[in-house]
Asks: 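Input: one structure, supplied below.
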Amino acid sequence: MSRYSPAEIEARWQDAWEQASVFRAVRSEDKPKYYVLEMFPYPSGRIHMGHVRNYTMGDVIARHRIATGHNVLHPMGWDAFGMPAENAAMASGGHPKDWTYGNINDMRAQMKPLGLSIDWSREFATCDPEYYGQQQALFLDMLEAGLVYRKNAVVNWDPVDMTVLANEQVIDGKGWRSGAEVERRELTQWFFRISDMAGELLDALGDLDDWPAKVRLMQENWIGKSRGLQFSFSLIGGPEGFDRVEVYTTRPDTLMGASFIGISPDHPLARRLEEEDDALATFNAECRRGATTAEALETAEKRGYDTGLRVRHPFDTALELPVYVANFILMDYGTGAIFGVPAHDQRDFDFATKYDLPIITTFMPSEDAEDALAQAFVPPKTERVFYNRGFAGEAWQTGDAAIDAAIAFCEAQGVGQGVTRYRLRDWGLSRQRYWGCPIPVVHCDTCGVVPEAKDNLPVRLPDDVSFDQPGNPLDRHPTWRRTTCPACGGEARRETDTMDTFVDSSWYFARFTSPRAQTPIDMAEAEYWMNVDQYIGGIEHAILHLLYSRFFARAMHITGHLPASAVEPFDALFTQGMVTHEIYQTRDARGRPVYHLPEDVSDGRLADGSEVEVIPSAKMSKSKKNVVDPTTIISQYGADTARWFVLSDSPPERDVEWTAAGAEAAHRHLARVHRIVSDIAADTAEDASPEADEALLREMHKAIHDVSVGVESFGFNAVIARLYAFTATLSKSGAGTGAKRQAARALAQLMAPMTPHLAEELWHMLGGDGLVATAPWPKADPSMLVDDTVTLPVQINGKRRGEITVAQDAAKDAVEETALALDAVQRALDGAAPKKVIVVPGRIVNVVV
RNA sequence: GCCCAAGUGGCGGAAUGGUAGACGCAGGGGAUUCAAAAUCCCCCGCCUUCACGGGCGUGUGGGUUCGAGUCCCACCUUGGGCACCA
């Protein structure tokens, strides 16, 4: 009998799969297709346990689908553009390209030992010119279709690194890298017109039944639909061309409580007024300099500047309201102007108190409620309140009804109109970076902004760039910018901005269907393989990546690159949890924490005997030194153990804590299975016991049923528990060799999605036909799932008091009779008749006394 | 502030409204062994009882039901998302 030696087994079966091209996906009409995809990795250089968990889940699905007769597409690639490559180049002087491709080679080498059912022939990286060139073609088609446009936008500008920063790269108003004070700068940038699709992207969420409700809700909130009234106040004595101020409100029912108008410092009127008002110019400048972080806004004081201008109230023209420029009003939501109702909005209340403006209620909790408020009165819209200054409908109304009535009334009076607005803004894609997909346009003095000709694609990144100075190397490249205008043939300059890396990941799933096509995708391949039947990845991509991909699929359909059926590209989505680990720390002389690697700690102590403090379950991170390296685990226990463990301890959508004891246990179990099956395979005795055979085969069919259901519903942890139990049953069974071999073959097949190498080995030992990877998935015989007799709990008043064993198909009367005959029941009844007896066949008996 | 989710043994967790705690870890006991490793077997929510048994028990308090971890209401705690969004 041989011992379980994963290193030898795993290499051997990986070769066998490779030889047989088991995972090569080829279009074929004689099987149903199934496309399973895990979110592709960023090539950071090392795979981590999170990758192992993510890809193992996808692999379980893929292998199960292969076994159930599907034509499976399971590809892998690299999300390879992005800042870390440039940062590495700046830090160590290499080239982002070398860094990235080097990392890809390293990570592929680390991934292959996992034994994933990947079709590696479809692999690509988004930084391959063959990929980003097609992305440029896509961009040009989108430009032609009006889905991309240029406009000025305010960005966070780092004056030292000479680059634009994302909001999360601004820390305390300073650049995260340079530490320089961030400036708000207006640049001309490219935008995708995603906000035009806000309504459709929102509505279509309703049909994504196989997406987590949480993700759909997050997208819903992000799109942020609101219904309100847009109307204008007439301006008294405004500058030339400014006779009205347009506002948007979701609470038109409070219009009679308006006591001031507020406009954003970036509002055209504010910009016009500051030309002649130095104090206002100073005020606006201060507002614009303000930090953009959430915390800064939280604590920022409400500040305003009285312009001296007045507007007329549309329903009481005698009423004149002051116009303030206020720091808390955003230019890019609504119209950049509001009317303030201090009585019913806490911000407005604070503002009115500070600047001594009237606080006018429009509704109150009751008819005789005190009119003076200590704070804003803001009840839920569904609550009924008394409108003391309502102007449409009943005095007692809910806010909802009053809002509808107010919109209808205003529309009838010609004062404004009901509008639907979305919080979702257009997607700015320009990045002042080198390591990204060049935006394929040129700037021509004669023709303006001109799309590059498709024949000239890809617009390649130049290789000869340096990172010894801040800023975008494309900007200062001696020759790269120089080109000719595709329209007039004259001299022109290339756009030096590159695309946001989210663009790269917004269509890679479609490219996998035809990765070598000379167009963005091959339509015949896309029609066959799309949609992604099962997409798996982290919850951190719930909003941006998944929303952008939904937008892109629509854009690709509009530009003729995807069929209409693929506008929702991901049929089913699963968001898996992280792999966490304890943190081990000691303190240095000054009491500061010092972290220690898991492999340096045993029994809560370091090698020198000092005791470590254990901080429970946290995300693995280099700085906390709690990272467990998959490569180490694989060389220690084998890939099957790592795969088995990451699936075993927690439901897949939740975080799982990596523990050394758990990994040991997983490995021990796999070794036990290997031993048990070796014994069965070697056994030649035929000591038949028909009852034991029958019992084992019944258990086998139950296991087949439970595992099949579990795999299909992502119940991987329960599947593994079930396989532990079935293994115990098999090892204890007194069945004959024939039945045991049959059960062991089923066990090998049921384990194959999780531990494919061990399963092949077991299958081979048991004389299975071909590879277990391609063997048809076992079917549970329904007649074997029910036993002849069944043990039912008997409750008295809902509390368990005994049990009876009856025939599976026993009549209700007979079951009731058997239950009532129980001693415990007789004692409880004490001679009386039961009030009621509930018999749920096959489940339970409850006697009510 | 707004929106959402989750609270079950020492731990991770299981449980179509129907025997709460499957399975794993940790712990305890035993077998095997000269001894150990490895392996195998048994016990393992709390209180009570020599034992049989009995009582309590899924964050807290109510409710619906023959029956609630599961459904409803309120509250507490933790986690997540969004956030000067008018």
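Heavy-atom basis, side chains included; hydrogens, waters and symmetry copies ignored. Letters go in sequence order (proteins before strands), and every chain restarts at 1.
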Asks: Round to the nearest Å and state the distance from A:Asp350 atom CG to B:G1 atom P.
Replies: 14 Å
Asks: Expressed in angstrom and rounded to an integer, what is the separation of A:Trp644 atom CH2 from B:C25 atom P?
Replies: 12 Å
Asks: Under the side chain to side chain donor-acceptor pair (under 3.5 Å) definition, can you give me all pairs with a residue in residues 650-667 of chain A, not counting sequence neighbours?
Replies: A:Ser617-A:Glu657, A:Tyr637-A:Glu664
Asks: If you check every side-chain atom of A:Arg347, which of B:G80, B:A83, B:A86 has the closest atom?
Replies: B:A86
Asks: If you check the A:Asn327 side chain, which of B:A86, B:C84, B:U16 turns out closest?
Replies: B:C84
Asks: Using the test side chain to side chain donor-acceptor pair (under 3.5 Å), find all partners of A:Lys812 that sit at least two apart in sequence or belong to another chain.
Replies: none
Asks: Quick one: list whatever passes ring-ring contact (aromatic ring centres under 6.0 Å, His included) with A:Phe377, sequence neighbours left out.
Replies: A:Phe363
Asks: Taking only residues two or more places apart in sequence or in another chain, which ones pass side chain to side chain contact (heavy atoms under 4.5 Å, CB included) with A:Ala376?
Replies: A:Gln346, A:Phe349, A:Val378
Asks: Less than 3.5 Å apart, which donor and acceptor atoms pair up between the side chains of residues 226-233 of chain A and the rest of the protein, not counting sequence neighbours?
Replies:
{"residue": "A:Ser226", "atom": "OG", "partner": "A:Tyr248", "partner atom": "OH", "Å": "2.8"}
{"residue": "A:Ser226", "atom": "OG", "partner": "A:Tyr333", "partner atom": "OH", "Å": "3.2"}
{"residue": "A:Gln230", "atom": "OE1", "partner": "A:Arg421", "partner atom": "NH2", "Å": "2.6"}
{"residue": "A:Gln230", "atom": "NE2", "partner": "A:Glu246", "partner atom": "OE2", "Å": "3.3"}
{"residue": "A:Ser232", "atom": "OG", "partner": "A:Arg244", "partner atom": "NE", "Å": "2.7"}
{"residue": "A:Ser232", "atom": "OG", "partner": "A:Arg244", "partner atom": "NH2", "Å": "3.4"}

Asks: Write out a two-atom table: protein N or O, nucleotide N or O from nucleotides 38-48 of chain B, distance below 3.5 Å.
Replies:
{"residue": "B:U39", "atom": "O3'", "partner": "A:Arg675", "partner atom": "NH2", "Å": "3.2"}

Asks: To the nearest angstrom, how far is A:Leu547 atom CG from B:G81 atom P?
Replies: 17 Å
Asks: Would you say a side-chain N or O of A:Asn717 is under 4.0 Å from OP1 or OP2 of B:A14?
Replies: yes
Asks: Would you kindly check whether a donor in the side chain of A:Arg843 faces an acceptor in the base of B:U19, or vice versa, at under 3.5 angstrom?
Replies: no
Asks: Could you go over nucleotides 64-71 of chain B and give all protein N or O partners under 3.5 Å, atom names and distances?
Replies:
{"residue": "B:C66", "atom": "O2'", "partner": "A:Asn846", "partner atom": "ND2", "Å": "3.2"}
{"residue": "B:C66", "atom": "O2", "partner": "A:Asn846", "partner atom": "ND2", "Å": "2.5"}

Asks: Using whole Å, what does the distance between atom C1' of nucleotide B:A86 and atom CD1 of A:Ile403 come to?
Replies: 12 Å
Asks: Using a distance-only test with no angle check, is there a side-chain donor-acceptor pair under 3.5 angstrom linking A:Ser648 and A:Asn717?
Replies: no
Asks: Compute the centroid of each ring, for A:Tyr324 and then for A:Tyr305, and state whether the two points are separated by less than 6.0 Å.
Replies: no
Asks: Just compare B:C3, B:A86, B:U19 and give me whichever is closest to any side-chain atom of A:Pro793.
Replies: B:U19
Asks: Output yes when a side-chain donor or acceptor of A:Asp345 lies under 3.5 Å from a complementary backbone atom of A:Asp348, and no otherwise.
Replies: yes
Asks: Measure the CE-OG1 distance between A:Met751 and A:Thr727 for me, rounded to the nearest 0.5 Å.
Replies: 6.0 Å
Asks: Strictly by side chain to side chain donor-acceptor pair (under 3.5 Å), give each pair with a member in residues 251-263 of chain A just once, sequence neighbours left out.
Replies: A:Arg251-A:Asp253, A:Asp253-A:Tyr387
Asks: Output the pairing pattern of RNA chain B as a dot-bracket string, 5' first, Watson-Crick or G-U wobble with both distances under 3.5 Å, | for cross-strand pairs, [ ] for crossing pairs.
Replies: (((((((..(((.....[....))).(((((.......))))).((((....))))..(((((..]....))))))))))))....
Asks: With syn defined as a glycosidic torsion within 90 degrees of 0 and anti otherwise, which applies to B:G9?
Replies: syn
Asks: Can a salt bridge be assigned to the pair A:Glu286 and A:Arg303 using a cut-off of 4.0 Å between side-chain N and carboxylate O?
Replies: yes
Asks: Can you classify the ring geometry of A:Tyr4 versus A:His674 as parallel (below 30°), tilted (30 to 60°) or perpendicular (above 60°)?
Replies: tilted
Asks: Map A:Lys799 and A:Arg251 onto RNA chain B by nearest heavy atom, then report which one ends up closer to the 5' terminus.
Replies: A:Lys799
Asks: Between B:C85 atom C1' and A:Leu229 atom CG, what is the distance in whole Å?
Replies: 17 Å
Asks: With heavy atoms under 4.0 Å as the rule, sort A:Arg216 into base, sugar-phosphate or nothing.
Replies: nothing
Asks: Quick check on B:A86: is either OP1 or OP2 less than 4.0 Å from any side-chain nitrogen or oxygen of A:Tyr333?
Replies: yes
Asks: In terms of relative ring orientation, are A:Phe351 and A:Phe328 parallel, tilted or perpendicular, with 30° and 60° separating the classes?
Replies: perpendicular
Asks: Using nucleotides 9-12 of chain B, report all nitrogen or oxygen pairs with the protein that are shorter than 3.5 Å.
Replies:
{"residue": "B:G12", "atom": "O2'", "partner": "A:Asp649", "partner atom": "O", "Å": "2.8"}
{"residue": "B:G12", "atom": "O2'", "partner": "A:Ser650", "partner atom": "OG", "Å": "3.1"}

Asks: I'd like to check the ring-ring contact (aromatic ring centres under 6.0 Å, His included) partners of A:Phe716; sequence neighbours left out, ordered by chain and number.
Replies: A:Phe714
Asks: When you measure from the side-chain N and O atoms of A:Arg423 to the phosphate of B:A83, is any distance below 4.0 Å, counting only OP1 and OP2?
Replies: yes
Asks: Just grab all the salt bridge (Lys or Arg N to Asp or Glu O under 4.0 Å) pairs involving residues 713-724 of chain A, residues at least two apart or on different chains.
Replies: A:Asp706-A:Arg722
